[in-house]
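See below for the structure under consideration.
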Amino acid sequence: MSLDTVKNALEHPDVEQPFAELGLKPDEYTRIREILGRRPTSSELAMYSVMWSEHCSYKSSKVHLRQFGDKMPENDAMLVGIGENAGVVDVGQGYAVTFKVESHNHPSYVEPYQGAATGIGGIVRDILAMGARPVAVMDPLRFGAAEHPDTRRVLPGVVAGIGGYGNCLGLPNIGGEIVFDPCYQGNPLVNALCVGVMKHEDIHLAQASGAGNLVILYGARTGGDGIGGVSVLASETFDADGPAKRPAVQVGDPFQEKLLIECTLELFREHLVAGIQDLGGAGLSCATSELASAGSGGMRVELDTVPLRDHTLSPEEILMSESQERMCAVVEPAHVARFMEICDKWDVIATVVGEVTEGDRLEIFWHGEQIVDVPPRTVAHEGPVYERPYARPQWQDTLQADAAERLPRPGTADELKAALLDLVASPNLADKSWVTDQYDRYVLGNTVLAQPEDSGMVRIDEETGLGVALATDGNGRFCKLDPYTGAQLALAEAYRNVATTGARPLAVTDCLNFGSPEDPAVMWQFAETTRGLADACQVLGTPVTGGNVSFYNQTGETAIHPTPVVGVLGVIDDVERRTPVGFAEEGQIILLLGDTHEELSGSAWAQVAHDHLGGLPPRVDLERERLLAEILIAGSRDGMVDAAHDLADGGLAQALVEACLTGGHGARVVLAEDLDPTVALFSESAGRAIVAVPRSEEMRFSDMCKVRGLPCARIGVVDGDTLDFQGHFTVALDELRTAHERTLKALFG
Amino acid sequence: MTIRVGVVTFPGSLDDHDARRAVRIAGAEPIALWHKDKNLQQVDAVVLPGGFSYGDYLRCGAISRFSPVMESVIEQAQAGLPVLGICNGFQILCESHLLPGALTRNDHLHFICRDQKLRIENTSTAWTSDFEPGQEITVPLKNGEGGFVADERTLDMLEAEGRVIARYLDLNPNGSRRDIAGISNAAGNVVGLMPHPEHAVEPLTGPTTEGLPFFTSILKRLVNA
């Protein structure tokens with residue numbers, strides 16, 4: 001295989017290049033030729049092809065994602081916004097928090113364990129690259145039908161991978177979601193969220209500035225894993241012996257990542273890093289071009305100095321390898337010696353691979369010969385942008401007309417009780433500890449709340465008790481019925497979950513999981529989702545700080561439900577004040593906050609009782625959500641509320657069951673007389689929560705609601721070892737517990 | 001006199017920070033010890049914390065046992081230095097032959113994290129004297145390879161000599177023989193424990209504060225010594 005140098009590209013302009021096999025469209029290839037004024041070398045073609053991929057360039061989503069910036073609410077907390085490795089917000093007391101959710105859907109379907117494991121690894125490095133110590137992870141997951149045989153292949157592998165990597169890394173897993181729906185059969189969603197903490201002055205950015213500064217690659221050696229299209233390039237252009245077979249899924253080494261974290265944090269502490277970027281998707285192509293693009297100068301890289309696991313790798317393969325556990329730092333020459341000492345202390349391999357130059361080109365050499373000479377912005381930041389056609393699908397009206405409110409409802413007390421037991425035992429609403437018990441939630445010793453609480457909460461200052469709370473939510477069924485409203489409901493639910501635990505919602509990250517952008521119906525769902533989310537963020541005052549788009553989650557013509565997973569970060573001044581879910585004390589008064597409407601379409605009841613999806617999702621009232629959050633936060637801050645739980649999937653019934661089982665106490669509850677009991681129990685109207693308050697605080701709390709205009713109804717009292725819906729039916733906690741806890745164990749244990 | 005308790009950080013240690021916090025909350029001064037450094041800085045006791053040292057890719061604790069710091073730990077433990085190994089630390093103590101037996105993969109083959117009920121079986125060791133005999137406590141447990149195994153003779157010997165210091169109650173989370181959660185050496189200065197008492201020292205972040213006596217026991221013993 002001969003080396004394709006820049007000189008060679010000039011001398012042999014008419015070589016046929018496998019751009020199509022690498023996923024580039026003819027016009028994209030033409031544009032590369034225009035940018036360079038010649039044909040690209042094979043290495044340049046490799047770089048452009050990965051960096052201009054949908055995954056790296058956001059070429060189909062960019063025009064819609066702009067709204068998150070255009071409609072960004074005024075928010076003093078925002079320190080670093082979209083475009084960096086992760087957004088950063090100010091949480092007070094000199095602390096900044098960075099957080100982001102990302103997808104690792106496709107690899108996790110191919111190889112569940114490694115796919116999910118490296119999903120954690122990648123998001124953790126993003127957070128680390130901002131200068132922060134990663135402090136917790138969460139995993140929003142979606143699988144096909146729970147009883148489908150392939151779910152039994154995918155789910156245990158994904159869970160073991162998340163645990164295997166996250167546990168070994170020493171990061172508590174504090175929450176997430178597990179949702180089953182046949183629409184995810186063949187397209188499971190494995191999203192991973194990480195949150196990190198730093199002091200304001202420690203924020204680091206991905207940029208290479210200062211001519212003469214050195215570029216240091218450190219961490220794992222580069223191997224042949226994770227190379228996608230490059231085998232095409234290597235084989236079809238230069239090698240007649242057939243393509244190199246490289247596995248396209250990366251393999252994770254959490255131990256190496258743990259060393260990388262500690263090593264990097266020590267480098268930050270000694271102020272040795274001028275710019276930093278993690279190596280994830282698109283590997284060195286991405287890191288070098290993004291660093292150079294964001295900096296003030298150019299960059300020169302000697303690619304043959306990169307430490308390799310496999311010495312037969314070609315330069316193109318090295319540029320595209322997605323080997324895990326690597327970072328790239330820009331370091332002033334005076335700091336290099338100390339930098340190397342610290343890497344040596346942690347047994348981390350570090351190599352100077354290049355330097356920042358005066359010019360404005362990214363130049364890469366292989367044993368002295370130039371193989372890349374490009375303007376880095378054209379690779380990293382000025383990729384193609386598509387205005388994909390979109391259109392509201394024809395079936396949307398039919399779907400919306402098929403309302404669940406018309407379905408037959410339980411008529412007798414026994415039928416109501418049976419419906420409740422079916423619901424709490426259904427895979428989506430059943431107890432998830434079979435999964436979450438495989439994750440370490442205690443490590444680092446700062447976990448204040450974890451699953452099954454409404455949000456995960458970690459303490460970030462042991463002296464003052466300052467903490468952050470995080471929740472992720474996303475209801476694909478609601479989004480399918482109406483993507484605009486569904487996206488807002490996802491945000492509203494995560495926002496509410498954060499407030500329920502007593503934290504003030506501050507900022508948003510999102511992982512937008514969709515089918516193919518080439519399908520106008522999917523693109524319409526995407527456009528509606530982003531519009532809905534951006535509008536709602538504006539009203540709630542919570543900016544989107546970053547996230548990720550995952551397209552092509554579809555098999556054949558069938559796309560997944562549009563599934564925006566929305567993560568909300570909140571801050572709490574003193575974690576001692578947090579509000580847990582469980583009813584912990586007999587005699588406390590249970591209050592229902594918010595309004596219950598006849599809203600059964602898209603609900604868990606409609607799915608479990610009738611396998612039905614149709615109608616319109618619950619209405620969203622963002623001002624109401626805001627008010628509810630303020631009341632919940634005030635109740636927590638002033639010590640009025642002992643337990644609180646948001647109402648979502650499964651409605652009031654499911655919320656009460658969870659509060660009773662978590663706290664170990666029953667309840668006597670009176671259902672509203674003006675509502676049909678099915679509606680009272682199972683409607684999923686938004687903007688609602690239940691709280692348990694001591695009798696001594698009831699007046700103060702309900703007066704506060706009255707003054708602020710929030711409906712607050714006394715519905716019962718914490719009592720006994722049954723859940724008693726007075727006048728309807730009574731069910732023993734033991735019976736509920738058995739139904740709730742056996743499902744996942746029976747399916748996967 | 002401030003009691004100084006060293007906590008070793010191996011590459012891949014995870015609960016080292018938490019062990020230092022527990023030592024501090026108990027009223028002692030935590031001293032960070034580094035695996036490459038043989039110098040134990042004249043600490044009064046040592047904790048080998050939980051984690052996945054060296055990734056546990058070979059056999060849990062098998063590589064750490066050969067680290068420079070362990071040369072000193074083994075030597076001084078044999079001379080009476082109190083040493084507590086938690087989880088991965090327990091595995092390292094077994095690999096070092098400071099304690100008999102071995103920790104094997106959980107019988108159900110999954111990592112498990114749960115609030116685990118234990119009974120303290122021996123309150124005469126350096127690390128358990130602050131408990132009441134037979135006291136039942138709940139502390140977090142989190143491991144993938146926590147099944148304690150030894151041959152029958154060794155198990156009988158441990159029982160006969162009162163060296164089973166804690167036993168699992170209600171549920172055996174990992175298939176440990178005879179529900180053993182922790183053991184000590186014959187002298188009682190070296191204790192290995194699979195559950196994590198350092199995660200049960202604050203009401204806010206642990207299920208209980210019932211892990212604290214492990215750290216206060218050593219304090220009293222050293223003050224009284």
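Chain letters run A, B, ... following the sequence lines, proteins first and then strands; every chain starts at 1. Quick note: numbers below take in every heavy atom, side chains included, and nothing from hydrogens, waters or symmetry partners.
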Practice task
Give the C-alpha distance, both sets of side-chain angles, the deciding distance and a yes or no for salt bridge (charged side-chain N to carboxylate O under 4.0 Å, His left out) between Arg133(A) and Asp202(A).
Solution key: CA-CA 10 Å; Arg133(A) 171 177 281 281; Asp202(A) 294 332; over 6 Å; no
Exercise for the section: Return yes when atom NZ of Lys345(A) has more than 12 non-hydrogen atoms of other residues, nucleotides or ligands closer than 6.0 Å, and no otherwise. Expected result: yes
Problem - Contacting region of Asp115(B) [heavy-atom separation from chain A under 4.5 Å] - result: both
Fill in the blank from the handout: Against chain A, residues from residues 11-27 of chain B with at least one heavy atom under 4.5 Å, in numeric order, are Pro11(B), Gly12(B), Ser13(B), Leu14(B), Asp15(B), His17(B), Asp18(B), Arg21(B), Arg24(B)
Practice task
Enumerate the residue pairs fulfilling salt bridge (Lys or Arg N to Asp or Glu O under 4.0 Å) with a member in residues 202-212 of chain B, sequence neighbours excluded, ordered by first and then second residue.
Solution key: Arg459(A)-Glu202(B)
Problem - Options Pro254(A), Gly749(A), Ala160(A), ranked by heavy-atom pairs under 4.5 Å with chain B, top entry - result: Pro254(A)
Problem - Residue, of Val458(A), Val448(A), Leu444(A), that accumulates the most heavy atom pairs under 4.5 Å with chain B - result: Leu444(A)
Handout entry: Heavy-atom contact with chain B under 4.5 Å, split by part of Leu169(A)
Key = backbone
Handout entry: Residue, of Ser433(A), Pro156(A), Gly170(A), Ala450(A), that accumulates the most heavy atom pairs under 4.5 Å with chain B
Key = Gly170(A)
Exercise for the section: Sort Glu576(A) into side chain, backbone, both or neither according to what part of it lies under 4.5 angstrom from a heavy atom of chain B. Expected result: both
Exercise for the section: Assess whether atom CD of Gln41(B) is packed by more than 12 heavy atoms of other residues, nucleotides or ligands within 6.0 Å. Expected result: yes
Completion exercise
Highest number of heavy-atom pairs under 4.5 Å with chain B among Thr436(A), Val159(A), Thr447(A), Val443(A) belongs to Val443(A)
Handout entry: Backbone of Ala430(A) reached by a side-chain donor or acceptor of Lys432(A) within 3.5 Å
Key = yes
Practice task
Among the options Arg114(B), His108(B), His199(B), pick out the one with the most heavy-atom pairs lying under 4.5 Å from chain A.
Solution key: His199(B)
Problem - Ring centers of Phe52(B), Tyr57(B) separated by less than 6.0 Å - result: no
Exercise for the section: Give a yes or no on whether the backbone of Asp179(B) and the side-chain of Arg167(B) come within a donor-acceptor separation of less than 3.5 Å. Expected result: no
Exercise for the section: Indicate yes or no: does Lys258(A) engage Glu262(A) in a salt bridge with an N to O separation below 4.0 Å. Expected result: yes
Problem - Distance under 6.0 Å and angle within 45° of ring axis: Lys117(B) vs Tyr168(B) - result: no
Practice task
Among Glu198(B), His110(B), His196(B), single out the residue with the greatest number of heavy-atom pairs under 4.5 Å to chain A.
Solution key: His110(B)
Problem - Whether Asn167(A) side chain and Gly163(A) backbone form a donor-acceptor pair below 3.5 Å - result: yes
